[in-house]
Asker: 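Quick one: structure below, then a few questions.
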Amino acid sequence: MALFDFSMDKLTTYDPAEKAPRDFEAFWKRTLAETEKAGPAAPHFVEVKDSFYKLVDVYDVTFKGYGGQDVKGWFIEPTGNEKALPCVVTFVGYGGGRSLPVDHFSVAVAGFANLVMDTRGQGSNWSPGATADIGEREEGGQYPGFMTRGILSPETYYYRRVFMDAVRAVEAAGEHPHVDASRIAVMGGSQGGGIAIAAAAILGKRVKVAMADVPFLCHFTRATTLVDSSPYVEIANYLRAHRDRKEAVYNTLSYFDGIHFASKITARVLFSVGLMDQTCPPSTVYAAYNRIKGKKEMRIYDFNNHEGGGPFQHAERLRFAAAWL
């Protein structure tokens, strides 16, 4: 494997000419209003009793996501906590679900509360999930996976539902009596990073810190033509069959692109990038990062593919959260 994308000089200044759709903000305001009209997040926390958990308390969470549909998650906090702690809301990578609580203990051990959101419809690939995707009426079929589900319209596209679930996850976390709602971070890698970018943009000042590692769902037009790795290749494969739908597909994706959300973020931001990443190419990561107007930091992993910084970056995230939450 070798460096295959732009030089570092170009990466740090890269700003593609693409602009958000004219009604980008109106679309997301309308989507948020529709979600709120369906009712509150109404989170329900059920303690998981297991003698195995010595240093953390674990709760099985259910809250109302997009369309009032039930979304699952975990809420984890230091054992015996009675204080209002800063909270990290975690989003999961592509194909994975909320997994088991043991996969998420480090955030609570570092002294934070942690709400882990399940990703609707996913969780049968590398980690188990528990949330169905009850979608709106969709037309045109899809290539296997989630990238082309409902892709002919922004109204029906899969990630419209996921991003609203993420907004509701932050709201649900803020309603827990042991969470300080003024100190909430969003965090995730790959797909989880893309979701964190969108959630931070939509929620504005309700998110204090946003941490996105090797983020997916950024700069679709470049990613889908530069690499042929999953998941972006799902879009290319769909268009290979549906040759007449390119314009409609890229129009839909423009409403969900991290480069258009990035400029709306008010939180303090931490990104990471793998310079040999052939899943989420460095130029797609920088295209979003360079549009963030506020205080931001990037961690660079020169010789890494999509694993990025791995445990090194996870430690960076916890330090960053400790410094700014």
Side-chain angles (χ1 to χ4, degrees), residues 40-65 69-133 162 165-166 168-181 183-193 195-196 199 209 211 213 307 310-322 325:
H44 185 54
F45 301 87
V46 177
E47 187 170 6
V48 177
K49 298 289 188 180
D50 193 321
S51 60
F52 174 71
Y53 305 143
K54 303 293 186 183
L55 301 179
V56 296
D57 291 334
V58 177
Y59 297 83
D60 190 319
V61 183
T62 306
F63 63 89
K64 299 296 182 183
Q69 297 166 19
D70 284 347
V71 178
K72 298 296 291 183
W74 301 115
F75 182 83
I76 307 169
E77 63 178 334
T79 189
N81 176 59
E82 297 292 338
K83 300 185 297 183
L85 297 174
C87 183
V88 176
V89 178
T90 301
F91 307 116
V92 181
Y94 191 76
R98 65 175 181 167
S99 190
L100 304 181
V102 293
D103 273 349
H104 307 287
F105 285 173
S106 62
V107 175
V109 171
F112 304 101
N114 185 204
L115 190 146
V116 181
M117 186 188 87
D118 204 21
T119 310
R120 59 171 57 228
Q122 299 187 33
S124 294
N125 188 341
W126 55 273
S127 66
T131 302
D133 176 33
V162 173
D165 290 347
R168 280 302 178 83
V170 172
E171 294 174 358
E175 291 186 29
H176 194 284
H178 294 169
V179 168
D180 180 349
R183 294 190 292 164
I184 290 182
V186 292
M187 176 179 82
S190 193
Q191 174 185 255
I195 297 171
V209 170
M211 298 176 284
D213 294 326
E307 76 281 1
F312 292 87
Q313 182 60 21
H314 189 53
E316 287 293 301
R317 289 195 302 250
L318 295 179
R319 291 190 190 101
F320 194 82
L325 273 185

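Note that the structure is a prediction, hence the values are computed from the model and not measured.
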Asker: Taking all heavy atoms of Gly95 and all of Trp126, pick out the closest pair and write down the distance.
Answerer: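 Between these two residues, the closest heavy atoms are C-NE1, 3.8 Å.
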Asker: What closest approach, in Å, do Met211 and Ala185 show between heavy atoms, and which atom pair accounts for it?
Answerer: CE-CB, 4.2 Å
Asker: First locate atom CZ of Phe45, then atom CG of Leu115, and finally report the distance between them rounded to the nearest 0.5 Å.
Answerer: 6.0 Å
Asker: Taking the side chain from Arg98 and the backbone from Val116, do they hold a donor-acceptor pair closer than 3.5 Å?
Answerer: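 Pair absent, no side-chain N/O of Arg98 close to backbone of Val116.
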Asker: Whether the side chain of Asp57 engages the backbone of Glu77 through a donor-acceptor N/O pair (distance < 3.5 Å, no angle test) should be reported.
Answerer: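 Side chain of Asp57 to backbone of Glu77, a donor-acceptor pair under 3.5 Å: no, none is there.
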Asker: Do Gln191 and Thr119 come close enough that some side-chain heavy atom pair is under 4.5 Å?
Answerer: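 They are in contact (side-chain heavy atoms under 4.5 Å apart), so the answer is yes.
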Asker: State, with a plain yes or no, whether a side-chain heavy atom of Trp74 is found less than 4.5 Å away from one of Val58.
Answerer: yes
Asker: Just do the side-chain contact (heavy atoms from CB on, under 4.5 Å) check on Val102 and Phe52 with the steps written out, would you?
Answerer: CA-CA 10 Å; Val102 293; Phe52 174 71; 3.3 Å; yes
Asker: Counting distance only, does the side-chain N/O of Ser127 pair as donor-acceptor with the main-chain N or O of Gly97 below 3.5 Å?
Answerer: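 Yes, because the side chain of Ser127 sits within donor-acceptor range (under 3.5 Å) of the backbone of Gly97.
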Asker: Mind listing the closest non-hydrogen atom pair of Ser106 and His314 along with its distance?
Answerer: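 In this case the closest contact between Ser106 and His314 is OG-NE2, 2.6 Å.
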Asker: Backbone N or O of Lys72 within a donor-acceptor pair of the Thr131 side chain at under 3.5 Å?
Answerer: yes
Asker: Working note: Met117 + Thr90, criterion side-chain contact (heavy atoms from CB on, under 4.5 Å); need CA distance, chi angles, decisive distance, verdict.
Answerer: CA-CA 6 Å; Met117 186 188 87; Thr90 301; over 6 Å; no
Asker: Between atom CZ of Phe75 and atom NE2 of His178, what is the distance when rounded to the nearest 0.5 Å?
Answerer: 8.0 Å
Asker: Given Arg183 and Asp180, is the salt bridge (Lys or Arg N to Asp or Glu O under 4.0 Å) satisfied, shown in steps?
Answerer: CA-CA 6 Å; Arg183 294 190 292 164; Asp180 180 349; 3.0 Å; yes
Asker: Give the ring-plane orientation class for Tyr53 versus Phe105, where under 30° counts as parallel, over 60° as perpendicular and anything between as tilted.
Answerer: perpendicular
Asker: Can you name the nearest heavy-atom pair linking Asp118 to Gly129, along with the distance?
Answerer: OD1-CA, 3.4 Å
Asker: Could you check whether Arg120 pairs with Asp133 (Lys NZ or Arg NE/NH1/NH2 to Asp/Glu carboxylate O, under 4.0 Å)?
Answerer: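 Answer for the salt bridge query: yes.
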Asker: Is any side-chain heavy atom of Ile184 less than 4.5 Å from a side-chain heavy atom of Val170?
Answerer: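 When only atoms from C-beta onward are counted, Val170 and Ile184 do touch, with a gap below 4.5 Å.
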Asker: Distance check, rounded to the nearest 0.5 Å: Gln313 atom CD versus Arg319 atom CZ?
Answerer: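 The distance works out to 10.0 Å.
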Asker: Ignoring hydrogens and angles, tell me if any N or O in the side chain of His104 forms a donor-acceptor pair with the backbone of Ser99 under 3.5 Å.
Answerer: no
Asker: Looking only at heavy atoms, what is the nearest atom pair of Ala196 and Val186, with distance?
Answerer: O-CG2, 3.6 Å
Asker: So which atom in Ala42 and which in Lys64 form the shortest heavy-atom distance, rounded to 0.1 Å?
Answerer: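 That closest heavy-atom pairing would be CB-CG, 4.4 Å.
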Asker: From Phe63 CZ over to Asp70 CG, what is the distance, rounded to the nearest 0.5 angstrom?
Answerer: 9.5 Å
Asker: Using modelled atom types only, decide if a donor and an acceptor are shared between the side chain of Asn114 and the backbone of Val88 within a distance under 3.5 Å.
Answerer: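 Present.
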Asker: Among Leu325, Leu85, Ile76, Val179, which one satisfies side chain to side chain contact (heavy atoms under 4.5 Å, CB included) with Phe112?
Answerer: Leu325
Asker: Working to the nearest 0.5 angstrom, can you tell me the gap between Met187 CE and Cys87 SG?
Answerer: 10.0 Å
